[in-house]
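Inspection log for the structure reproduced underneath, given as structure tokens.
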Amino acid sequence: LEALEKGMQIHVQILNSGFESDLFVGNSLLDMYAKCGIVGYARNVFDIMPKRDVVSWTIMVAGYAQHG
């Protein structure tokens, strides 16, 4: 849980610094939440991403496959 809490703190810093629209940053957040089993948070990040690529979709599919 400590890693998830740290990741969520980083997510807040990303939002405050304006990097949320960066594709690489968005995919990293998706991956973190999906691997932690918080697919709902991953979906929220996915939904607000201005651009999505194959990596974005793959992370979401894998997250749902593993954690439903």
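Screening residues 54-64 for salt bridge (Lys or Arg N to Asp or Glu O under 4.0 Å), with sequence neighbours left out, gives no hits. Legend: ring-ring contact (aromatic ring centres under 6.0 Å, His included) pairs involving residues 48-68, not counting sequence neighbours, sorted by first then second residue: Phe46-Trp57.
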Tabulate below the donor-acceptor pairs under 3.5 Å that side-chain atoms of residues 26-36 make, not counting sequence neighbours, or state none.
residue	atom	partner	partner atom	Å
Asn27	OD1	Ser56	OG	2.6
Asn27	ND2	Asp53	OD1	3.2
Ser28	OG	Phe24	O	2.9
Asp31	OD2	Lys35	NZ	3.2
Tyr33	OH	His11	ND1	2.7

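For Asn16, there are no side-chain hydrogen bond (donor to acceptor under 3.5 Å, both in side chains) partners two or more places apart in sequence or in a different chain. Applying the salt bridge (Lys or Arg N to Asp or Glu O under 4.0 Å) test to Arg52 and every residue at least two apart in sequence or in another chain returns nothing. Glu20 pairs by the side chain to side chain contact (heavy atoms under 4.5 Å, CB included) definition with Ile14, Leu15, not counting sequence neighbours.
When hydrophobic clusters are built by joining Ile, Leu, Val, Met, Phe, Trp and Tyr residues whose side-chain heavy atoms come closer than 4.5 Å, directly or via intermediates, Met8 is grouped together with Ile10.
Annotation: the span from Asp22 atom CG to Lys51 atom NZ amounts to 10.5 Å, rounded to 0.5 Å.
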